[in-house]
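These numbers were taken from a predicted model, which means no experiment stands behind them. No hydrogens, no waters, no symmetry mates; every other heavy atom, side chains included, goes into these values.
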Amino acid sequence: MVGRGRPTPRRAFTSLAHAALLSLGLATSTAAEAIDPDDFLQFDPAQARLGQMLFYDKILSGNRNISCGTCHHHELGSTDRLSLGIGEGGIGIGPERVAMDGKHRVRARIPRNAPALWNLAHRDVAVLFHDGRLEVSDLYGNGFDSPAEEYLPTGLNSIIAAQALFPMTSDAEMAGEPGSNEVAGAFKDRIDKGWPLIAKRVRTIPAYGEMFVDCFDHIDKPEQVTIVEIANAIAAFIGTEFRSFDSPYDAYMTQGIPLPGPAERGRQLFFGKARCATCHNGPLFSDQQFHAAGIPQFGPGRTRPFDPIPRDVGRMGATDRLTDAYRFRTPSLRNVALTAPYGHNGAYPDLRSMIRHMADPKTARAEWKREMARLPDIAWVSEVDFAILEDRIELARQDRNVDITPVSLSEDDIGDIEAFLLSLTGASVDRLPLGRPDAVPSGLPVD
């Protein structure tokens, strides 16, 4: 990583361009910042290429059948385009992914929507996961406040590296059921005990061993490779691969190129009457905070041992504060058109329905239909998918905890805001530096 750099020329030009547009009546008085390329963490290119292999290599999963890329695929905008996906026990990617029966049968859906990976290396990002359970912090002496607490290893190069470690520990995502493999059993024993087993798997593959020696100055032989180097390489890949700041909106902000009529009207609504920018602000279109938007709940929920109701209390699950109930992290809206469905559980299949919800959450909740959820058909799981909707008391709690003040938007307004959100899609999203590899050193199939 390098030190934080904030040179002034680009910002100054952005401000001047916006001021000029104001004088022409083409801009409102409030706008998000353009992204400054110098505000990204810097990573070693060779480590990023190694991380590309690891990101798509199923060797990191307990049963060697799922990779990071399975749920965050290049072809799917760095997500899986499902409301609640299938991790362990599935085959295929995205909407085509199906559940397998038998030895590694799916036990439950993953309880939350797979988040997109765009611009995670931006220096504004200091908290991750829908509930913010991973934060930059000195609390445990390892740089992060995380579910691993003091057991998280030191030496991680970024919050992206820390984040990359946790899907490996989840039985539903990558580890597999305890008893199905040695890694799952180790993680069941303690959250950090499976990482050394994964590291040994990786470093004993000759091609990987050589790559680590070549990429990391402090690694002289493969035996020295730990989960830290693996996570740092994955972070280098994610942090350099999924950068995006060449959208029409960026051209508007940095060069003064006007947006098309509907998108410009939508921009003015977004930063004005619709009040979207109250939470979706800054260069990433996110305040990095937590809000209760009243998204309809379904699926297994993110339950806790003392709270088995199939619900998701959001930020409260990480902080245990009642004031955080049902609050979730504000997602970035950059490339949002690529990352449907929307909401912490993917409740809404398209931008228009999500915009309608954010304009009037309680009305939208009442009108929400189960068929709006994109859920792979799993006969033995689907019976309980909507059980929470039968809990009248729980639904009332959720209705009481909504932070959004309703605004009146016409269908034309909604269409214009959608057009503006489409203008946040980067021009080069289909031409990323590395892409998906055709093969990986383990020899396992690449999704």
*Could you give me the CA-CA distance, side-chain angles and deciding distance for S67 and D57, then say whether side chain to side chain donor-acceptor pair (under 3.5 Å) is met?*
CA-CA 5 Å; S67 72; D57 201 328; over 6 Å; no
*Could you walk me through whether I110 and I86 pass the side-chain contact (heavy atoms from CB on, under 4.5 Å) test, one step at a time?*
CA-CA 6 Å; I110 295 174; I86 304 172; over 6 Å; no
*Go through D145 and R133 one step at a time and tell me if the salt bridge (Lys or Arg N to Asp or Glu O under 4.0 Å) criterion holds.*
CA-CA 7 Å; D145 182 358; R133 64 188 185 275; over 6 Å; no
*Any chance you could lay out the side-chain contact (heavy atoms from CB on, under 4.5 Å) test for M211 and M53, step after step, and finish with the verdict?*
CA-CA 10 Å; M211 292 174 76; M53 300 291 113; 4.2 Å; yes
*Check step by step if salt bridge (Lys or Arg N to Asp or Glu O under 4.0 Å) holds for K200 and E182.*
CA-CA 12 Å; K200 184 176 181 180; E182 74 283 5; over 6 Å; no
*For D80 and R97, what are the C-alpha separation, side-chain angles and deciding distance, and is it a side-chain contact (heavy atoms from CB on, under 4.5 Å)?*
CA-CA 9 Å; D80 62 2; R97 189 165 176 78; over 6 Å; no
*Does the side-chain contact (heavy atoms from CB on, under 4.5 Å) test come out yes or no for L152 and L165, once each step is laid out?*
CA-CA 9 Å; L152 190 74; L165 293 178; 3.9 Å; yes
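Among all heavy-atom pairs drawn from G176 and A184, the shortest one is O-CB, 3.2 Å. Of all non-hydrogen atoms in A274 and I417, the two that sit nearest each other are CB-CD1, 3.8 Å. Scanning both residues, E241 and P433, for their nearest heavy atoms gives OE1-CD, 3.4 Å. Here the closest non-hydrogen pair linking A186 and L197 is CB-CD1, 3.8 Å. In terms of heavy atoms, A347 sits closest to I295 at CB-CG2, 3.6 Å. Residues Q288 and V127 approach most closely at O-CG1, 3.8 Å, considering heavy atoms.
For Y348 and Y342, the distance between ring centers is not under 6.0 angstrom. Ring pair Y56/H74: centre-to-centre distance below 6.0 Å. Taking the six-membered ring for Trp and the full ring otherwise, F166 and F187 have centroids separated by 6.0 Å or more. Not less than 6.0 angstrom separates the ring centroid of F43 from the ring centroid of F237.
Using a 4.0 Å cut-off between a side-chain N of Lys or Arg and a carboxylate O of Asp or Glu, R352 and D350 do not qualify as a salt bridge. Electrostatic pairing of R112 and D312 counts as a salt bridge here, judged by a charged N lying under 4.0 Å from a carboxylate O. With salt bridges taken as basic N to acidic carboxylate O contacts below 4.0 Å, none links D171 and R107. A salt bridge links D320 with R304; the closest basic N to acidic carboxylate O contact falls under 4.0 Å. No salt bridge links R329 with D131; every basic N to acidic carboxylate O contact stays at or beyond 4.0 Å. With respect to R265 and D413, no salt bridge is recorded, no charged nitrogen being found less than 4.0 Å from a carboxylate O. Salt-bridge check for R315 with E135: passed, with a basic side-chain N closer than 4.0 Å to an acidic carboxylate O. With salt bridges taken as basic N to acidic carboxylate O contacts below 4.0 Å, one links D250 and R334. A salt bridge does not link K362 to D399: none of the charged nitrogens lies less than 4.0 Å from a carboxylate oxygen. Taking 4.0 Å as the cut-off between side-chain N and carboxylate O, R311 and D391 do not count as a salt-bridged pair.
Two residues are said to be in side-chain contact when any heavy atoms from C-beta on lie closer than 4.5 Å; I388 and I309 meet this criterion. Looking at heavy atoms from C-beta onward, P153 lies in side-chain contact with I227 at the 4.5 angstrom threshold. Using a 4.5 Å heavy-atom threshold, the side chains of F298 and L375 count as touching. The closest side-chain heavy-atom distance from V429 to W118 is below 4.5 Å. R81 is listed as a side-chain neighbour of R374, based on a closest heavy-atom distance under 4.5 Å. With a 4.5 Å cut-off on side-chain heavy atoms, H73 and S78 do not count as touching. A 4.5 Å side-chain heavy-atom check between K273 and V407 finds every atom pair outside the cut-off. Between E88 and E173, every side-chain heavy-atom pair lies at or beyond the 4.5 Å cut-off.
Side chains of Q47 and N232: a donor-acceptor N/O pair is absent below 3.5 angstrom, by distance only. A donor-acceptor contact under 3.5 angstrom links the side chains of N181 and N63, judged on distance only. Between the side chains of Y151 and N142, no donor N or O sits under 3.5 Å from an acceptor N or O. Looking at H218 and E229, their side chains do bring a donor and an acceptor atom within 3.5 Å of each other.
H280 NE2 to D287 CG: the interatomic distance, rounded to the nearest 0.5 Å, is 8.0 Å. Residue R49 holds its CZ atom at 10.5 Å from CG of D214, rounded to the nearest 0.5 Å. Summarising the geometry, atom CZ belonging to F420 is positioned 11.0 Å from atom CD1 belonging to I355; distances are rounded to the nearest 0.5 Å. Atom CD1 of I160 and atom CG of L41 lie 6.5 Å apart (nearest 0.5 Å). Atom CG of L120 and atom CD of Q163 lie 7.5 Å apart (nearest 0.5 Å). A distance of 13.0 Å separates CG in N345 from CZ in R302, rounded to the nearest 0.5 Å.
Ring geometry for F212 versus Y208: interplanar angle of 30 to 60°, hence tilted.
A cation-pi arrangement, defined by a distance under 6.0 Å to the six-membered ring centre and an angle within 45 degrees of its axis, is absent between R267 and F270.
Listed by chain and number, the residues in a side-chain hydrogen bond (donor to acceptor under 3.5 Å, both in side chains) with N335 are S244 (sequence neighbours excluded).
For residues 306-340, the ring-ring contact (aromatic ring centres under 6.0 Å, His included) pairs, not counting sequence neighbours, are F328-H344.
One N or O on the side chain of R327 and one on the backbone of T323 form a donor-acceptor pair closer than 3.5 Å.
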